[in-house]
Number of protein chains: 2
Amino acid sequence: MVSKISMIEDKLKSMGYKLTSQRRLVIEIFEESPYHFTAQEIFDRVKEKSSNINFSTIYRNLELLCKLNIICKLNISSGISHFELMDTEHHHHHLICLNCGDMEKVDICPYNQLNKSKLEELGFVPTEHKFEIYGYCKNCSPNK
Amino acid sequence: MVSKISMIEDKLKSMGYKLTSQRRLVIEIFEESPYHFTAQEIFDRVKEKSSNINFSTIYRNLELLCKLNIICKLNISSGISHFELMDTEHHHHHLICLNCGDMEKVDICPYNQLNKSKLEELGFVPTEHKFEIYGYCKNCSPNK
DNA sequence: TTATGTGCAAAATCTTTGCACATTA
DNA sequence: TAATGTGCAAAGATTTTGCACATAA
């Protein structure tokens, strides 16, 4: 019945979490697209698949997937949380258009070149980072 | 009566905005501390000064100050907006502790060293950026 | 069977808005 | 006085939670 058991589903199972149809639907949406979604967008996409799901189920599953480092939460100016697949192979950040709100992935990252001496000095142990560039995308650029 | 008219207040005046007591209280809080505040924290601090203020007034003023680039909005994982004085002299970013939630300012910035060719390629015109390092602060570090 | 997950409804949080009244310039 | 700002109350939006029922393993 299930043609493709994804690595994510295997991971959940192996950690003792159940594979419900709702949970599978949420995971499918992330797997189908390398993009990021709000809880609302996930809700809508599940509906499109003519399946039903409850908002609390979505939030509870997003929380679980975040906790397991399968997805991560992006916090952008709008105040609405966006979630996207944790992509350990293609580390990236985002360009965010101040006009149209579009968020484009870019595979640039300043972290490795960063001088970490300040962190050591402060006794701060880094585990992750976020880098966002705000501005105007190709379509919204004023000098276009 | 007003002993120190700040540059911010001058700026507002010169742009045709009125200097109300509520607005002055909000600005004072930012001027008194190089730290960041939530709307709630600003509300509490104004109350401490035994002055009254309404939440909508706070939000409306924060919006205005953001628009005028006097303060800026920080978006962190919690989902609550934090605001801090725009500090053009001391550009900085934040270290955010995943345990206690503390946000520490650091004067490191990877932006200038960043190779911008990718942005040009994409036709993206950058205007600002955010860089946050998550991890564990000195007090919460596991290897302490 | 039993631990885990879901749906539902309600609440909690944070933020925004309309409108009448108040205040600054 | 005229434009701008505030308070109030209500609504919006997003997210969380308690509890009974449902389901995967």
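As the structure is a computational prediction, the values presented were derived from the model and not from experiment. As a basis for the values below, the full set of heavy atoms in this structure was taken, side chains included, without hydrogen atoms, waters or symmetry mates. In what follows, every chain begins at residue 1, and chains take the letters A, B, ... in the order their sequences are listed.
Here B:Gln113 pairs with nothing under the side-chain contact (heavy atoms from CB on, under 4.5 Å) rule; sequence neighbours left out. Under the salt bridge (Lys or Arg N to Asp or Glu O under 4.0 Å) criterion, A:Glu84 pairs with no residue, sequence neighbours left out. In terms of the ring pair (Phe, Tyr, Trp, His ring centres under 6.0 Å) criterion, residue partners of B:His92 (sequence neighbours excluded) are, by chain and number, B:His94. Residues satisfying the salt bridge (Lys or Arg N to Asp or Glu O under 4.0 Å) test with B:Lys49, not counting sequence neighbours, are B:Glu28, B:Glu32. In this structure, the side-chain contact (heavy atoms from CB on, under 4.5 Å) partners of A:Arg60, at least two apart in sequence or on a different chain, are A:Ser56. Applying the ring pair (Phe, Tyr, Trp, His ring centres under 6.0 Å) criterion to B:Tyr17, with sequence neighbours excluded, gives no partner residue. Partners of B:Cys66 by side-chain contact (heavy atoms from CB on, under 4.5 Å), not counting sequence neighbours, listed by chain and number: B:Ile71, B:Lys73, B:Phe83. Residues forming a ring pair (Phe, Tyr, Trp, His ring centres under 6.0 Å) with A:Tyr59 (at least two apart in sequence, or on another chain): none.
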Name the pairs: protein N/O against N/O of nucleotides 8-11 of chain C, kept only if under 3.5 Å.
| from | atom 1 | to | atom 2 | distance (Å) |
| --- | --- | --- | --- | --- |
| C:dC8 | N4 | A:Ser56 | OG | 3.1 |

What's touching nucleotides 21-25 of chain D from the protein side, N or O pairs under 3.5 Å?
| from | atom 1 | to | atom 2 | distance (Å) |
| --- | --- | --- | --- | --- |
| D:dT23 | O2 | A:Lys18 | NZ | 3.4 |
| D:dA24 | N3 | A:Lys18 | NZ | 3.1 |
| D:dA25 | OP1 | A:Leu19 | N | 3.3 |

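For the OP1/OP2 pair of D:dA13 and a distance below 4.0 Å, the side-chain nitrogens and oxygens of A:Gln40 include no atom meeting the criterion. Of the side-chain N and O atoms in A:Tyr59, one or more sit less than 4.0 angstrom from OP1 or OP2 of D:dT15.
Taken over five-pair windows at either terminus, the axes of the helix from C:dT1-D:dA25 to C:dA25-D:dT1 are inclined to one another by 40° (rounded to 10 degrees).
Residues from residues 44-53 of chain A that place a heavy atom under 4.0 Å from any atom of DNA chain D: there are none.
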